[in-house]
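See below for the structure under consideration.
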Amino acid sequence: MEEKSNLNEKNIYNKSTKSKVRTSVIKSTLGTLLKNNKSKTGFIMLLSIITFSIIGIFYSPYNPNAYLFKIAQPPNSVNLLGTTGYGQDVFSELLRGAAPTLMIAFTVGLLGTLIAVLVGIFAGFTSKTTNAVINIFINIFLVIPGVLLIMLFGTYFMGIRQNLGYLPTIIILVITGWAFGARTFRSITLSIVKRDFVLSSILIGESKISIIVRQIMRAIMPIIVSNFFFTSMYGAMGLTFIEYLGVGNIQQVNWGTMLYWAINYEAYLTGTWWWILPPSIMISLLMFSLILLNFGLDEMANPSLRVFKKKKRDKNE
Amino acid sequence: MNELIRTENLTKEFETRKGFTGITKIKALDNVNISLYPNEIVGIVGASGSGKSTLAKILVFLYKSTSGKIYFKDEDITKIHGKSLKKYRKEIQMVFQDPYASLDPYHSIEWHIKRPLLISHYSGNIDDRIDELMNMVKLTPPESYKNKFPHQVSGGQRQRVYIARVLALNPQILIADEPVSMLDVSLRIDVLDLLLKIKNELGIGIIYITHDLNTVSMVTDRIYVLHNGEVVEDGHTNTILTSPQDGYTKALIEAASDPYKRI
Ligand SMILES: Nc1ncnc2c1ncn2[C@@H]1O[C@H](COP(=O)(O)OP(=O)(O)OP(=O)(O)O)[C@@H](O)[C@H]1O
Ligand SMILES: [Mg+2]
């Protein structure tokens with residue numbers, strides 16, 4: 001009887017520590033990212049930009065598409081950031097254009113990283129010939145200039161774009177943006193699968209899928225996150241570039257089309273800086289926040305470093 | 001008693017590209033015949049590059065042999081693959097040389113021992129079995145090690161974790177490729193004692209690979225001396241260490257200051 005209760009106690013002890021460990025892994029991952037001052041700044045910046053974009057979904061002072069005002073007015077009490085060369089309110093455009101810009105950046109980041117991870121890890125974990133074939137495929141996408149692909153796919157989508165919204169833009173950016181990450185993941189996987197701890201799992205009888213999900217993905221998680229940040233950056237930059245080239249849908253309101261119209265109007269020559277600066281600054285801030293977030297990832301990459309630093313912190317406290 | 005495992009003229013050639021001119025072949029193993037019986041520890045002794053690790057990796061099917069045969073309990077398993085390979089792998093496990101590389105840095109010690117139990121569909125209580133295994137390898141009390149990560153324990157403890165991991169599968173054969181060479185001298189004896197305990201209590205046959213004649217005299221019953229991929233001498237450990245026949249063996253023994261010295 002006594003023995004039984006002892007056993008129960010032990011089980012309860014095990015369970016509670018286990019769940020504690022699991023939540024602490026998540027907490028410490030986010031925690032280490034935020035303990036780093038640079039990534040903390042990046043995180044706060046990104047959060048502010050996201051808040052800005054969410055407000056923009058529900059509210060803007062004026063209809064950003066309507067030509068309600070005198071053209072090319074500098075900032076004043078009615079138009080916080082002045083008006084465009086066509087008489088739209090710049091601040092309303094900036095606010096309304098935030099959400100689509102972020103949405104495209106992060107969708108491209110997510111899809112591009114997903115494809116890169118799948119292709120890269122598969123290539124690194126398959127037979128030599130398949131690996132070589134995939135490698136050639138990756139390199140083709142890396143060698144062909146992105147501009148060329150953007151022009152090619154852009155003009156292809158030109159005709160059917162009207163009812164597809166942002167889908168063509170996203171597809172173009174993902175097609176041109178996945179290969180760099182795939183090459184990284186491929187070479188990292190190739191080196192990891194030769195390590196003893198992966199050989200050990202093969203000998204123990206782990207399936208390939210299990211090794212990929214439980215061990216390889218886990219080991220390269222910081223690089224996956226970092227790749228997500230960089231591909232998102234590429235998405236934001238690529239959006240402006242696509243709009244700049246005029247192969248996107250320039251009727252939509254986002255920070256890229258704002259720049260397109262401003263440049264089209266030769267805002268930089270006519271001195272309407274309040275039109276060209278706000279979207280430029282917002283895009284730069286978005287990039288900057290993602291770069292800053294990346295700084296915290298080094299520590300995340302190395303668990304022993306993390307524990308060491310944590311101990312040091314605990315001592316200091 | 002019949003052999004657990006036996007090799008017949010096992011040969012392994014590596015092909016390496018040299019410049020543009022073509023391929024050079026390295027014979028890492030040359031007609032190797034060894035056998036292992038239940039309940040014994042057999043030593044494979046040889047200098048660096050003699051083919052010891054190659055032999056180990058062929059026996060666990062990480063490498064394919066070029067020619068020759070492998071028998072597991074008189075069954076020819078040279079060409080097995082797929083499902084039967086998976087079944088065979090449970091029976092023969094390997095302990096790696098470097099315990100700092102053979103444990104996944106992102107997973108806890110408990111995870112390392114739990115996985116093989118889950119994979120082999122262990123029928124009893126898994127938590128109890130983990131405790132039992134950890135006690136077996138003297139990681140006590142288990143509770144204080146379970147949630148630790150590999151970098152939080154010593155090299156000797158890592159090697160114990162690894163041994164617990166492979167014992168979880170209940171193998172009949174264990175191949176230990178220089179399991180103590182990366183460890184502090186003071187920690188070696190404990191791990192070697194553990195190998196002896198495994199042999200005595202579980203009846204597992206162990207192939208102990210080393211270049212260190214001092215440790216070989218401590219644990220092995222018989223040894224094979226490997227030189228450039230060839231077995232140049234084999235027999236009872238004491239016989240060979242006291243009256244070596246082959247010139248290479250003599251040189252090896254001379255190089256080691258005192259084969260009977262206990263570390
Ligand atoms: N994957 C490989 N490709 C080509 N040659 C190899 C490979 N693995 C081993 N060799 C060669 O085979 C020979 C035997 O190597 P092996 O690793 O088996 O030696 P070893 O006895 O384990 O040495 P050590 O004591 O240094 O571990 C060496 O000449 C080595 O260069
Ligand atoms: Mg070796």
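Proteins get letters first, then strands, A, B, ... in listed order; numbering begins at 1 in each.
Looking at A/S201, both its backbone and its side chain come within 4.5 Å of chain B, counting heavy atoms on both sides. Contact annotation for B/H112: neither backbone nor side-chain heavy atoms come within less than 4.5 Å of a heavy atom of chain A. Residue B/Y162 touches chain A through its side chain alone, counting heavy-atom pairs closer than 4.5 Å. Contacts of B/L103 with chain A are made by backbone atoms alone, with heavy-atom separations under 4.5 Å and no side-chain atom involved.
One side chain, B/T16 or B/T24, offers a donor N or O that lies under 3.5 Å from an acceptor on the other. Under 3.5 Å, the side chains of B/Y208 and B/T215 contain a donor-acceptor pair of N or O atoms.
If you run side chain to side chain contact (heavy atoms under 4.5 Å, CB included) between A/L46 and each of A/L292, A/T41, A/L286, only A/L286 comes through. The side chain to side chain contact (heavy atoms under 4.5 Å, CB included) test with B/L192 is passed by exactly one of B/L187, B/L183, B/T210, B/V180: B/V180.
Between chain A and the options B/W111, B/F61, B/F96, heavy-atom pairs under 4.5 Å are most frequent for B/F96. The candidate with the highest count of non-hydrogen atom pairs below 4.5 Å against chain A, out of B/D98, B/V60, B/L118, B/V95, is B/V60.
Close placement of the A/F137 and A/F141 rings is indicated, their centers lying within 6.0 Å of each other.
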